[in-house]
Structure formats: C-alpha cells, structure tokens
Amino acid sequence: MTAFSRFTPLAISLPATVPFVGPEAIERQRGTIVQARIGANESGFGPAPSVLKAIAEKAGEIWKYNDPENHALKTALAAHLGIKPENFVIGEGIDDLLGLIVRLVIEPGMPVVTSLGAYPTFNFHVNGFGGRQVTAPYRDDREDLDALLDLVKHEDAPLVYFANPDNPMGSWWDADSIVAFAHALPSTTLLILDEAYSETAPEGSIPTADALIDLPNVIRTRTFSKAYGLAGARVGYGIGTPGTASAFDKIRNHFGMPRLSTEAALAALSDQAYLRDVIARIKAARERIAGIARANGLNPLPSATNFVAIDTGRDGVYARAIVDGLMQHGVFIRMPGVAPLNRCIRVSAGLPADLHLFEQALPQVLKVLG
C-alpha cells in the first residue's frame, strides 16, 4: 500500500498504533458481540437524567460553534472548586490535553519521565512528538514517587507524568505526599498530575484545588468521562496558574469543543446529587468485582478508581488468556500491558447485569485454562 512520500522522518519512523483497541474493533475482528462492556473504565451508569434533558433541550443549537473561550464552563468549574476561571484550560478529554502539553514542552530527543506501564496514551503523544521516554518501575503496585523524582533530576527532564489515582492499577497516594513531590521537583520540570479518577478517590488522597495553584510547573488534568458518565462527549480540563493555562491558547483547537458536550458538562457539574449516587454505585460495584475475584481464587487489589485490578497470581500470558476467554463469552475487559503489572486483569465497575455475566463467565474460563 503506497503512502505519501513526504511525511516527516519522525512520522515515517513511528509504527501505526492505537493505544487502546476498542471493543468495537474486537467485535469486528472476532465476529463477537460485546454483552458486558466493562473494560474501558467508562461509566455504564451513564450521565444524570438532567444531563440528557439538557442535551435534548439544546440539540437545536448544534448549528452553532461552541464558545472558543469556554467561558461558561470555566466559570462553573471555578465556582465548583473555589478558584478562578483563568486557572482552567478546557480540552476534548484529558487525552487531547496530554497531547497539547507534550507539544508545548517537548522537542525531539528530550527526556520525559513516567512510570513503566502507566497510561499508554501519554506515551503515544510523547512518541508522536519525538520525546525520549525514561521510566521508573512501579513499587508495590503504586507509582514510585522517589524513583520518578530521581529520574527527573538525573535526566534534567522538562516533563514528568504521574496519575493519582493510578491507571492501570487503581492505587493511590495521599495528598500530602503528592504536594511534597510537586514542591521537590525542579522549577524547570512540568508535572502532569493526572486526576481523571479524582471523584472516586478516598478522602485525603486528592490535594485541595488551591494546594498547588501557585506552582507554574504543575498542570492537573481532570475529566467528565469517568464518574460523570460523559466519555463519549470528550470533555476534559486542566488546572494551573493563569500563565501556564493561557499557554494552551497558542496551540489548542479553539473550536474543538462540541457545543452539546459543553452543555452536558455544565448540566453534569450542577447535579452533584447524581454524582454522589453514582460514586456509591461504583463503590458497590468494586466490592462485587472483588468478591467475584476472591470466589475464583484471584486477588483483587485495593482501588480508588472506577475499576478493579485483579492479580491472577501468574503472568501476562495467563492474564491475556483470561481476557481473551472472557471475550468469547461477550465480556470485554482489559489488562495492563507491561510486566509485572500484566499479571493482572482489569474490570470496570458496571451495571449489575454486566457483573452477572462476568461472574458467570469467569469460572468457566478459568476451568478451561486449568
């Protein structure tokens, strides 16, 4: 298959890849229908009825571009978190913001520090802009803050990525440790503090909104894709100093946010009662997933997210066989991609019917594998 001949050398050198293969692609490849979609950390509980109502009421305005300054959403977030609108940048999900951050900071060959096995989409962006990944292994299934700091200083790295709570392991650090880590970084190193699962985290694990607000080398990223149930709307935001946040205006797609996505996010933010209900349902689902795992001789790890990582007790080959075997039963889950984390499988909190299918299929798969 012939390609255009004048792509950049960097683009030519990169493999064609997708950080996460979607369940739709798996259905096409295998001719299998997903019956329990509990692998992508989406919220099967969906958005609030008030959000669906807002989308329906505003659907007739879809002919309009969204406000390129995202004034309404920034103002609402500022009121919700007790900081200022100028501390925010809005993007099409955290994934979009990660790409913009790498573009702002990294030139080909520059070192970028992250954890070995952490969020693959961040690595995808680093590779896409020619960055050089430098990784620290997890320690006790948590990202190793001391090792990350040592690597930053050794490499004089301009960028470091750290997620709290963590994907793919569901582990977390306490807020004081995170604040201390941020303050220990050189001022020339930008910290991406990915807080995609902040709503489901235990008390004391997320620094307050103003805790790091004066550090220009910290950008905190959050999303409406998880607990708010708006993964398909693609709404993410970053929190930083006004100077750091405004830098995104130099390169972002000012008309990238869909108008209805913004309306959905505004409605979701105003319905905190529904959010509290969903968080309770996520907690109950995590407990059920953990119970299913234990009943089958597997070890569920503590989780601060909307999924549970389950230690299979063996290796990545065995974990992959479980993932593939469950898919044959129509149950879509995922697993970490790097050893030793890939000894685990990862199951998203889902509706009771989804978890019932998982509960029925898992012992059958394990019996076949022996």
Side-chain angles (χ1 to χ4, degrees), residues 77 81-84 87-89 94 97-98 101-102 104-106 110-119 122-123 126 131 133-223 226 236-245 247 301-305 309 341:
L77 286 166
L81 293 173
I83 50 181
K84 297 179 179 180
N87 290 118
F88 293 92
V89 55
I94 287 178
L97 294 173
L98 292 178
I101 293 167
V102 176
L104 280 168
V105 177
I106 297 302
M110 285 185 173
V112 177
V113 171
T114 184
S115 298
L116 181 63
Y119 191 45
F122 175 68
N123 302 335
V126 171
Q133 293 180 39
V134 185
T135 58
Y138 280 60
R139 184 175 61 184
D140 299 326
D141 294 326
R142 288 201 301 180
E143 295 195 68
D144 189 336
L145 291 179
D146 291 337
L148 290 172
L149 182 60
D150 288 345
L151 277 178
V152 164
K153 293 179 177 179
H154 180 267
E155 297 285 339
D156 187 23
L159 187 62
V160 57
Y161 173 88
F162 167 68
N164 187 64
D166 175 67
N167 180 7
M169 301 308 286
S171 51
W172 67 96
W173 283 87
D174 63 275
D176 289 344
S177 296
I178 294 162
V179 171
F181 175 72
H183 281 280
L185 290 170
S187 62
T188 52
T189 299
L190 180 65
L191 166 63
I192 302 174
L193 178 56
D194 188 339
E195 298 176 324
Y197 301 95
S198 59
E199 286 84 8
T200 58
E203 184 176 355
S205 61
I206 303 297
T208 59
D210 59 353
L212 302 170
I213 204 64
D214 294 327
L215 294 181
N217 65 323
V218 175
I219 185 80
R220 301 168 71 173
T221 57
R222 295 185 179 181
T223 184
K226 306 302 180 184
Y237 60 97
I239 307 170
T241 63
T244 298
L301 303 183
S303 175
T305 64
L341 308 184

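Side chains are part of it too, since the values below use all heavy atoms of this structure and drop only hydrogens, waters and symmetry mates.
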Gap between atom [atom2] of [Y] and atom [atom1] of [X] - 0.5 Å precision:
X	Y	atom1	atom2	answer
Arg142	Leu301	CZ	CG	12.5 Å
Thr221	Ile101	OG1	CD1	6.0 Å
Leu193	Ile206	CG	CD1	7.5 Å
Leu77	Ile83	CG	CD1	8.5 Å
Ile219	Ile192	CD1	CD1	8.5 Å
Arg222	Tyr197	CZ	OH	14.5 Å

If every non-hydrogen atom of [X] is compared with every non-hydrogen atom of [Y], which pair is closest and at what distance?
X	Y	value
Val218	Ala182	CG2-CB, 4.2 Å
Asn217	Thr189	ND2-O, 3.0 Å
Pro186	Val152	CD-CG1, 3.8 Å
Val89	Ala245	CB-O, 4.2 Å
Pro168	Tyr138	CD-OH, 3.6 Å
Lys153	Ala184	CE-O, 4.0 Å

Within the structure provided, determine whether [X] and [Y] are in side-chain contact (heavy-atom separation under 4.5 Å).
X	Y	value
Asn87	Pro242	yes
Asn164	Phe181	no
Pro207	Arg220	yes
Pro111	Asp156	no
His154	Val134	no
Tyr161	Val126	no
Asp141	Leu341	yes
Ser303	Ser171	no

Does [X] reach the main-chain N or O of [Y] with its side chain, forming a donor-acceptor pair under 3.5 Å?
X	Y	result
Thr200	Ala304	yes
Asp210	Ile213	no
Thr223	Ala196	no
Glu199	Lys226	no

### Task
Walk me through it: do Ile106 and Val112 pass the test side-chain contact (heavy atoms from CB on, under 4.5 Å)?
CA-CA 8 Å; Ile106 297 302; Val112 177; 3.5 Å; yes
### Query
After noting the C-alpha distance and the side-chain angles of Ile239 and Phe88, does the key distance pass the side-chain contact (heavy atoms from CB on, under 4.5 Å) rule?
CA-CA 5 Å; Ile239 307 170; Phe88 293 92; 3.8 Å; yes
### Task
Show your reasoning for whether side-chain contact (heavy atoms from CB on, under 4.5 Å) applies to Asp144 and Ser115.
CA-CA 8 Å; Asp144 189 336; Ser115 298; over 6 Å; no
### Query
Can you tell which of Asn167, Thr114, Asp166 makes a side-chain contact (heavy atoms from CB on, under 4.5 Å) with Tyr119?
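Going through Asn167, Thr114, Asp166 one by one, the side-chain contact (heavy atoms from CB on, under 4.5 Å) with Tyr119 is satisfied by Asn167 alone.
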